Number of protein chains: 2
Amino acid sequence: MQHGHDMLFRALADPTRRAIFERLCRDGEQTVGALTAQAGVSQPAVSKHLGILKLAGLVRDRQSGRQTHYHAERAALAPLADWTGRMTGFWESRFDELEDLLTRMDQ
Amino acid sequence: MQHGHDMLFRALADPTRRAIFERLCRDGEQTVGALTAQAGVSQPAVSKHLGILKLAGLVRDRQSGRQTHYHAERAALAPLADWTGRMTGFWESRFDELEDLLTRMDQ
DNA sequence: CCTACTGATAACCGATCGGTTATCGGTTCG
DNA sequence: CGAACCGATAACCGATCGGTTATCAGTAGG
């Protein structure tokens, strides 16, 4: 039902996009060029994926000269963890803790 | 990259489908008719959604006379919880516990 | 300045998706 | 049996998606 939830699930549904996000989580901040080099698709495709991830709140970008650096916004995964927790029907307090932690990590 | 992961994320990306799964998690086993009554789409649409959820391992069905009863397969969410945990980079042992528990819940 | 580089946008294309209506197979009941 | 019911399948349609190539704006450097 939640529109925010929707964009989150939708953004992570595509394997190429998920791979980009995983890379940003693993290796930290990356330029568009660096991401393109390993994405297996063209630079405009990568830019579009990054735009979608950004709309979902999963990444944020920082301009520096003519390069754009993107980094993962891990806190955006909190609703996903929360949803999973609610579906399993257990761990509620446990996942709430996680959500709080992730929110605090975002400053 | 993982094909199983892919079907899981993909299956949960659609809001109608996710609502059906949520209902099965909340209220337990339901017939196709009962699910259709609240899905807001036609019966064939519901059947297709159930087919996709089934392929992703998220639901299982049980035949009884001329009715088909579907129920959520909560254990199928374990890879999702695991992935989230790996992306956050913490909680690894914690999520492994969850995965184990969910797997055991599946008998 | 002019050229080269980086990344975003535009325009377009085929494939897939989610939905519909129509229909069919299987089951129950009068 | 025959009629009614339940759910799956088929055939189709418009919209959206993920990809491409071409191009544009902004920045850096000779």
Side-chain angles (χ1 to χ4, degrees), chain A residues 1-24 27-72, chain B residues 1-24 27-72:
Chain A
M1 282 297 210
Q2 232 75 13
H3 189 263
H5 269 217
D6 227 47
M7 291 213 318
L8 188 58
F9 278 99
R10 206 72 78 93
L12 294 172
D14 180 72
T16 303
R17 204 151 48 219
R18 204 165 55 244
I20 291 174
F21 179 70
E22 289 175 6
R23 168 97 191 270
L24 290 174
D27 307 339
E29 197 176 65
Q30 301 282 328
T31 67
V32 175
L35 292 171
T36 300
Q38 66 116 44
V41 293
S42 66
Q43 174 266 313
V46 171
S47 272
K48 260 203 276 186
H49 283 307
L50 287 169
I52 292 171
L53 288 171
K54 189 175 169 184
L55 270 181
L58 284 163
V59 301
R60 214 175 290 181
D61 62 311
R62 174 179 69 86
Q63 211 70 21
S64 170
R66 53 185 168 184
Q67 292 182 323
T68 310
H69 300 259
Y70 281 86
H71 68 273
Chain B
M1 278 298 206
Q2 232 75 15
H3 188 262
H5 269 218
D6 227 46
M7 292 214 315
L8 190 57
F9 278 100
R10 205 72 80 90
L12 295 173
D14 180 72
T16 303
R17 206 151 46 218
R18 205 164 53 245
I20 291 175
F21 180 70
E22 289 176 6
R23 168 97 191 270
L24 289 174
D27 305 341
E29 197 176 64
Q30 301 281 328
T31 68
V32 176
L35 291 170
T36 300
Q38 65 117 42
V41 294
S42 67
Q43 174 267 312
V46 171
S47 271
K48 262 205 274 187
H49 283 307
L50 287 169
I52 292 171
L53 289 171
K54 188 175 167 183
L55 270 181
L58 284 163
V59 301
R60 213 174 290 181
D61 64 310
R62 173 179 69 86
Q63 210 73 20
S64 170
R66 55 185 168 186
Q67 291 183 323
T68 311
H69 299 260
Y70 281 86
H71 68 274

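Throughout, protein chains are lettered first and strands after them, A, B, ... in sequence-line order, and every chain is numbered starting at 1. Since the structure is predicted, the reported quantities are computational estimates derived from the model, not experimental observations.
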Whole-Å distance, Asp61(A) CG to dG7(C) P, equals 11 Å

Item checked: Phosphate contact (dT6(C) OP1 or OP2) by Tyr70(A) side-chain N/O below 4.0 Å -> no

Rounded to whole Å, the CZ-C1' distance (Arg62(B) to dG7(D)) equals 15 Å

Is there a side chain to side chain contact (heavy atoms under 4.5 Å, CB included) between Ile52(B) and Arg10(B)? Walk through the geometry before answering.
CA-CA 9 Å; Ile52(B) 292 171; Arg10(B) 205 72 80 90; over 6 Å; no

Sequence neighbours excluded, the answer for side chain to side chain contact (heavy atoms under 4.5 Å, CB included) partners of Asp61(B) is Lys54(B), Gln63(B), Thr68(B), Tyr70(B)

For residues 32-43 of chain B, the side-chain hydrogen bond (donor to acceptor under 3.5 Å, both in side chains) pairs (sequence neighbours left out) are Gln43(B)-Ser47(B)

Sorted by chain and number, sequence neighbours left out, side chain to side chain contact (heavy atoms under 4.5 Å, CB included) with Ala34(B) holds for Gln30(B), Thr31(B)

Here the distance between atom C1' of dG7(C) and atom CG of Leu53(A), to the nearest Å, is 16 Å

Separation of dG26(D) atom P from Gln63(A) atom CD, nearest Å, is 12 Å

Residues at least two apart in sequence or cross-chain that pass side chain to side chain contact (heavy atoms under 4.5 Å, CB included) with Leu55(B), listed by chain then number, are Met7(B)

Q. When we call it a touch if two heavy atoms are under 4.0 Å apart, what does Thr31(B) touch: a base, just sugar-phosphate, or nothing?
A. sugar-phosphate

Is Ser47(B) touching bases, backbone alone, or none of the nucleic acid, heavy atoms closer than 4.0 Å?
base

With sugar-phosphate taken as primed atoms, P, OP1 and OP2 and all else as base, the protein-contact string of nucleotides 17-30 of chain C at under 4.0 Å (heavy atoms; B, S, -) is SSBBBB----BB--

For Glu29(A), the side chain to side chain donor-acceptor pair (under 3.5 Å) test, sequence neighbours excluded, returns Arg62(A)

Phe9(A) atom CZ is separated from dT16(D) atom C1', nearest whole Å, by 20 Å

